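This report concerns only the one structure given below.
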Amino acid sequence: MAPPPRKRRRVDGSGGNGGNYPLVATPNDGVLPVDLLNAVLLRLPARPACRLRAVCRPWRAVLSDPRFAAAHAARHPDPHLVVAACDRLDAGGIELVDVYLVGASGDVAKRVPAGRCDTDAVSSARDGVALLVGNDRRLRVLDAAASAAVSLVPDGEHHPINCSFTLGRAASSSGEHKVLRIGTVVHGEPQVCAVLTLAVAGGRGQNARWREAPSPPLVVRTRRGDVAVAGGVAYFLLRRAYLADWIAAFDLEAEQWRPALVGGPPLPAWRPTRPDRPRVTLAELGGSLVVAIDDHRAATLDLWFLLAAGDGEQHWSKQYTVTMPYHRRPWRCDGESAEPVVVLDDGRIVFWVWAGGSGGTRHGRGVMRVYDPITGGHTDVATAARCAHVGVYTGNLLSLVSE
């Protein structure tokens with residue numbers, strides 16, 4: 001006669017490892033003490049931690065506990081990059097876009113298929129929500145928590161090919177996602193603007209309606225590197241970059257262009273030869289607007305931050321001067337340029353280096369490069385053969401990574 005099965009007892013851990021997590025154990029089943037198990041699991045990145053949910057029900061209970069997820073997020077504060085890349089073809093030979101969440105070490109935490117898209121019109125917000133324009137010129141929204149991109153409702157219109165889309169969040173407490181559509185200049189006419197509010201929860205925008213918005217004070221540029229969203233304001237480089245003030249600002253909450261242009265940091269002297277001219281791009285780092293001046297001749301990439309003084313006045317401050325490996329070459333190799341993406345918790349800066357430059361080239365090869373300002377060293381951690389856009393995700397990965 002077989003002995004009766006042992007009864008499993010419930011053990012609740014306690015201590016300073018992020019909270020109490022339920023664990024089922026028996027005296028002789030070899031399970032680690034609860035505190036030790038929590039300490040080990042908290043050290044793992046999100047993807048391998050989620051894979052361990054399949055080990056047994058007790059581990060699944062621990063790794064699915066919201067308190068554990070919060071403790072894991074506190075222990076791994078670095079954000080992930082949102083990389084939209086074209087690396088697959090469908091049965092008809094049409095390129096497909098996939099959106100990846102990539103960690104600072106180059107590990108891929110999640111991949112979301114986005115289908116057929118116009119890769120030149122992919123836009124992303126800091127929290128990982130991406131706006132995609134399909135080959136039919138209809139908009140789709142992708143949330144990092146979703147499993148696929150869904151169509152915006154009732155956005156049934158086919159947007160003209162000469163439109164650009166900028167996605168950002170308003171500065172209000174609601175933090176609504178909004179899309180600014182800008183029609184490019186045709187025969188000297190002013191640019192035409194419209195705004196759409198996204199109801200991102202659940203991945204759908206059922207009540208979304210386009211609203212007319214005023215035209216910018218001067219013609220703005222809308223390609224990659226010409227636009228950045230910081231503090232609820234979308235900033236654009238002017239097409240006439242030789243003006244004293246060469247940045248226009250659109251307030252996403254008020255849905256109005258600010259009347260005053262923004263003067264940028266000091267630029268190097270103008271050079272008649274195009275390959276020798278510095279590249280000027282916009283970015284957002286740590287909630288601040290950043291102007292990146294990539295001077296190939298001087299072998300420097302300066303990052304200027306727009307900061308607020310005690311009296312409320314804003315001023316430019318050069319926080320970093322970086323030397324990129326391509327600066328050492330006597331010529332620009334295929335128009336390489338570096339786009340700052342995010343500052344990590346330890347002070348390192350993540351750049352995305354485009355092989356095709358920052359001028360909106362289609363399907364440019366990209367390299368994810370981590371720069372250490374203390375040592376001045378660079379580490380390439382990931383590459384994408386045909387990349388379309390790069391953004392940042394700062395949410396909880398344990399709730400995103402599939403099991």
Side-chain angles (χ1 to χ4, degrees), residues 2-83 98-113 125-130 142-148 175 200-203 342-346 348 350 368 370 381-382 391-403:
R6 293 175 179 173
K7 294 184 178 180
R8 302 178 72 86
R9 59 187 177 89
R10 189 179 184 86
V11 179
D12 289 332
S14 61
N17 290 321
N20 302 329
Y21 312 114
L23 183 66
V24 180
T26 59
N28 299 313
D29 61 2
V31 175
L32 293 173
V34 179
D35 288 348
L36 180 58
L37 177 63
N38 290 339
V40 172
L41 295 178
L42 282 173
R43 285 172 167 78
L44 295 177
R47 190 175 184 87
C50 286
R51 287 175 176 171
L52 293 179
R53 289 173 176 167
V55 172
C56 59
R57 290 184 178 179
W59 284 30
R60 182 183 182 89
V62 172
L63 292 166
S64 301
D65 192 304
R67 294 168 295 176
F68 180 88
H72 187 275
R75 190 178 185 92
H76 302 269
D78 285 340
H80 279 58
L81 268 65
V82 182
V83 180
D98 293 317
V99 178
Y100 297 86
L101 290 180
V102 185
S105 60
D107 59 300
V108 177
K110 186 175 183 178
R111 178 182 70 87
V112 181
R126 184 167 180 81
D127 54 3
V129 177
L142 185 146
D143 195 333
S147 58
V200 175
V342 66
V343 178
L344 301 178
D345 194 56
D346 58 4
R348 292 179 299 160
V350 178
M368 180 178 169
V370 181
V381 297
V392 180
Y393 177 78
T394 57
N396 192 329
L397 286 179
L398 285 185
S399 62
L400 299 182
V401 181
S402 60
E403 301 170 11

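Keep in mind that what you see is a predicted model, and the values were worked out from it rather than measured.
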Quiz item: Does His72 reach the main-chain N or O of Leu44 with its side chain, forming a donor-acceptor pair under 3.5 Å?
Solution: yes
Quiz prompt | Nearest non-hydrogen partners of Phe68 and Leu63, listed with the distance | solution = CE2-CD2, 3.5 Å
Self-check item: Nearest heavy-atom neighbours spanning Ala382 and Val102
Solution: CB-CG1, 4.5 Å
Self-check item: For Arg75 against Leu42, the heavy-atom pair lying closest together
Solution: CD-O, 3.2 Å
Quiz prompt | Separation of Arg53 CZ from Leu41 CG (nearest 0.5 Å) | solution = 11.0 Å
